[in-house]
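Just below is one structure, and these are the notes that go with it.
First listed ligand is number 1; within each ligand, the first listed atom is number 1. Quick note: numbers below take in every heavy atom, side chains included, and nothing from hydrogens, waters or symmetry partners.
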Amino acid sequence: MLTAKMAKALNEQINAELYSSYLYLAMSAYFQGENLTGFAKWMRVQADEERMHAMKFYDYVLARGGTVKLTAIEAPPASWKNALDVFKAVYEHELKVSALINDLSSLSQHEKDHASHATLEWFVTEQVEEEATADNIVKQLKLAGSAPGALFILDRELGARAPSAGAAGAT
Ligand code: FEO
């Protein structure tokens, strides 16, 4: 059984993960509008991944006999200056998510909730990858500068990202 504090915090994280999905979907739409279809595809896969993160928390809350309370998802921005601006925003966002996950992990220890702590370990590890991936793309975009050729190659590379396993509509 989850403590009331833990259940509330986990529900807030469901909302945060759904916001991440919404944000990345908005970024996908932005890239599509810019004709950067590889970036758009990468971001759409990322949006699917974030929904899976939300569902992991959703399933976990239910498995522990908690109540899932879905709340309003904040509207994400709709436009950015360029691809570098987008990925800088992704990196900043993932740093915030890492802080939220760390807070949840600390709370689980404080509440002596070992099951939640074990579940959160997966997310702690996942955030290392999420931050590193965004940071890496920021660095590549900085190297690419304003050279259209380099941006084209990066668009092709990112477009090769496979859909997340288990994502809705994955082929
Ligand atoms: Fe759900 Fe990108 O962390």
**Prompt:** Short check: any N/O/S atom of Glu17 below 2.8 Å from atom 2 (Fe) of ligand 1?
**Reply:** no
Subject >> Metal site atom 2 (Fe) of ligand 1: N/O/S of Glu94 inside 2.8 Å >> reply: yes
In Glu130, the N/O/S atom nearest atom 2 (Fe) of ligand 1 carries the name OE2
Note to self: Between Glu12 and Lys8, does any NZ, NE, NH1 or NH2 come within less than 4.0 Å of an OD or OE carboxylate oxygen?
What the structure shows: yes
In Phe31, Phe87, Tyr30, the residue satisfying ring-ring contact (aromatic ring centres under 6.0 Å, His included) with Trp80 is Tyr30
Less than 4.0 Å between a side-chain N and a carboxylate O, is that true for Arg44 and Asp48?
no
| task | Determine the interplanar angle of the Phe123 and Phe57 rings, folded into 0 to 90°, and report it as parallel if under 30°, tilted if 30 to 60°, perpendicular if over 60°. | result | parallel
| task | Give a yes or no answer on whether the side chain of Ser21 reaches the backbone of Glu17 with a donor-acceptor pair at less than 3.5 Å. | result | no
Restricting His53 to its N/O/S atoms, the closest one to atom 1 (Fe) of ligand 1 is ND1
Check: Hey, is there an N, O or S on Glu50 sitting under 2.8 Å from atom 2 (Fe) of ligand 1?
Finding: yes
